[in-house]
**Student:** 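Handing you this structure, nothing more for now.
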Amino acid sequence: MSDSTAFQDSLHKENPIRGCYGCGADNPMGLRLKSFVEVDESIARWRPQEHHCSYPGVLNGGIASMLLDCHSACSAVAFDYREKGLDPGLAADELPSGWTRAMNIEFLRPTPTDTELTLKARVIKRGRKSRTVSCSIYANGEECVRAEVIVVMAEN
């Protein structure tokens, strides 16, 4: 996985996560979030459409939650692979996976739908079998939604 390739796009073509509604690279009806791993955080940029609203001009909280969930889980797994020197292009049964155990969300202000959103995630705690990720959604440089997500790292 290179830093210029989205984590989701680096996964093996038969990896089932590629069908995820929120971040699956191969789900034509999904949100297709793309997470890019940097030095100590991962970044995603996503542009909502008006049909993603809760009321006109404001992002639906469920969509915001899904973006945070997907970006946090992908980030935890991507950093785990990097720490272990694993290639995400290997077959899914050769790689550990991750799933969200818990997510605590704070909606700080309405998230507009008329601008590109930036998600930033960072692993803040490493447990023996889990990673805790801090993830936020920003619009126009302002933090709109923040979450702390516990991702369980499961061996296959």
Side-chain angles (χ1 to χ4, degrees), residues 1 3-11 15-82 88 92 95-154:
M1 170 180 59
D3 291 341
S4 63
T5 302
F7 175 71
Q8 295 86 343
D9 293 334
S10 69
L11 296 171
N15 191 312
I17 198 65
R18 291 181 67 100
C20 176
Y21 180 77
C23 64
D26 297 334
N27 186 332
M29 302 299 288
L31 303 180
R32 296 180 136 182
L33 184 69
K34 305 290 185 191
S35 304
F36 294 87
V37 176
E38 296 189 355
V39 175
D40 61 352
E41 72 178 351
S42 63
I43 306 291
R45 290 181 175 73
W46 184 78
R47 179 99 187 184
Q49 297 177 33
E50 192 54 40
H51 67 267
H52 296 125
C53 72
S54 57
Y55 52 92
V58 177
L59 186 67
N60 176 276
I63 298 291
S65 299
M66 185 182 324
L67 292 169
L68 291 163
D69 179 20
C70 286
H71 187 55
S72 295
C74 284
S75 298
V77 172
F79 281 114
D80 189 61
Y81 288 2
R82 187 168 77 179
L95 292 169
S97 61
W99 53 274
T100 301
R101 178 174 172 243
M103 184 165 52
N104 182 29
I105 302 173
E106 293 180 79
F107 294 92
L108 306 171
R109 63 180 40 84
T111 305
T113 56
D114 65 351
T115 188
E116 181 179 74
L117 305 179
T118 301
L119 288 87
K120 296 181 182 182
R122 177 183 308 267
V123 175
I124 58 172
K125 182 178 176 186
R126 288 170 173 76
R128 192 170 60 83
K129 292 190 175 191
S130 67
R131 302 290 182 266
T132 302
V133 178
S134 174
C135 187
S136 295
I137 297 175
Y138 296 85
N140 303 315
E142 291 189 301
E143 187 179 27
C144 298
V145 188
R146 164 189 319 149
E148 189 167 288
V149 182
I150 298 172
V151 179
V152 175
M153 307 308 296

**Student:** Say you draw a straight line from OG of Ser42 to CZ of Arg122; how long is it, rounded to the nearest 0.5 Å?
**Tutor:**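 Answer for the OG-CZ pair, Ser42 versus Arg122, is 9.5 Å.
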
**Student:** Do you know which two heavy atoms are closest between Cys144 and Thr111, and how far apart they sit?
**Tutor:**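 That closest heavy-atom pairing would be CB-OG1, 3.1 Å.
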
**Student:** Treating Arg18 as the side-chain partner and Leu11 as the backbone partner, does any N or O pair qualify as donor plus acceptor under 3.5 Å?
**Tutor:**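 A pair under 3.5 Å: yes.
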
**Student:** Report yes if some heavy atom in the side chain of Ser4 is under 4.5 Å from a heavy atom in the side chain of Phe36; otherwise report no.
**Tutor:**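 No; the side chains remain at least 4.5 Å from each other.
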
**Student:** Looking only at heavy atoms, which two atoms of Val37 and Arg82 are closest? And how far apart?
**Tutor:**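 Smallest interatomic distance, heavy atoms only, reads CG1-NH1, 3.5 Å.
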
**Student:** Can you tell me if Arg109 has over 12 outside heavy atoms packed within less than 6.0 Å of its CZ?
**Tutor:**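 Counting other residues, nucleotides and ligands, CZ of Arg109 exceeds 12 neighbours.
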
**Student:** Can you see which heavy atom on Val149 is nearest to which on Ser72, and at what distance?
**Tutor:**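 Nearest pair, atom of Val149 first, then Ser72: CG2-OG, 3.5 Å.
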
**Student:** Would a distance-only check, ignoring hydrogens and angles, find a side-chain to backbone donor-acceptor pair under 3.5 Å from Glu50 to Gly57?
**Tutor:**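 Yes, the answer is positive, given that a donor and an acceptor are paired below the 3.5 Å cut-off.
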
**Student:** Nearest 0.5 Å please: distance from the CZ atom of Arg146 over to the OH atom of Tyr138.
**Tutor:**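 Between atom CZ of Arg146 and atom OH of Tyr138 there are 7.5 Å.
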
**Student:** Which distance, rounded to the nearest 0.5 Å, do you find between the NZ of Lys129 and the CZ of Arg101?
**Tutor:**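 So the NZ of Lys129 and the CZ of Arg101 are separated by 12.5 Å.
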
**Student:** How long is the gap from NZ on Lys125 to OG on Ser130, to the nearest 0.5 Å?
**Tutor:**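 Reported to 0.5 Å precision, the distance equals 7.0 Å.
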
**Student:** So does Ala25 get a backbone contact from the side chain of Arg32, meaning a donor-acceptor N/O pair under 3.5 Å?
**Tutor:**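 At least one qualifying donor-acceptor pair exists.
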
**Student:** Give the minimum heavy-atom separation between Ala73 and Val151, together with the two atoms involved.
**Tutor:**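 Minimum heavy-atom separation between Ala73 and Val151: CA-CG2, 3.9 Å.
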
**Student:** Which heavy atom of Asp40 sits nearest to which heavy atom of Phe79, and what is that distance?
**Tutor:**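 Heavy atoms of Asp40 and Phe79 come nearest at C-CZ, 3.9 Å.
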
**Student:** Verify side-chain contact (heavy atoms from CB on, under 4.5 Å) between Phe7 and Val77, making sure each step is shown before the conclusion.
**Tutor:** CA-CA 9 Å; Phe7 175 71; Val77 172; 3.7 Å; yes

**Student:** Please round to the nearest 0.5 Å and tell me the distance separating atom SG of Cys74 and atom CG of Leu119.
**Tutor:**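 Answer for the SG-CG pair, Cys74 versus Leu119, is 11.0 Å.
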
**Student:** Keeping the roles fixed (side chain from Arg47, backbone from Asp114), state whether a donor-acceptor pair exists under 3.5 Å.
**Tutor:**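 At least one qualifying donor-acceptor pair exists.
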
**Student:** Rounded to the nearest 0.5 Å, how far apart are OG of Ser136 and CD of Glu142?
**Tutor:**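 That separation rounds to 13.0 Å.
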
**Student:** For residues 58-70, which side-chain donor-acceptor pairs fall under 3.5 Å, sequence neighbours excluded?
**Tutor:**
residue: Asn60; atom: OD1; partner: Gly62; partner atom: N; Å: 2.6
residue: Asn60; atom: OD1; partner: Ile63; partner atom: N; Å: 3.1
residue: Ser65; atom: OG; partner: Gly61; partner atom: O; Å: 2.8
residue: Asp69; atom: OD1; partner: Thr100; partner atom: OG1; Å: 2.4

**Student:** Which heavy atom of Ala76 sits nearest to which heavy atom of Val133, and what is that distance?
**Tutor:**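 Residues Ala76 and Val133, closest heavy atoms: CB-CG2, 3.9 Å.
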
**Student:** Any sub-3.5 Å donor-acceptor pair from Gln8's side-chain atoms to Leu33's backbone N or O?
**Tutor:**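 Checked: pair present.
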
**Student:** Keeping His71 on the side-chain end and Ile137 on the backbone end, is there a donor-acceptor pair under 3.5 Å?
**Tutor:**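 Pair absent, no side-chain N/O of His71 close to backbone of Ile137.
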
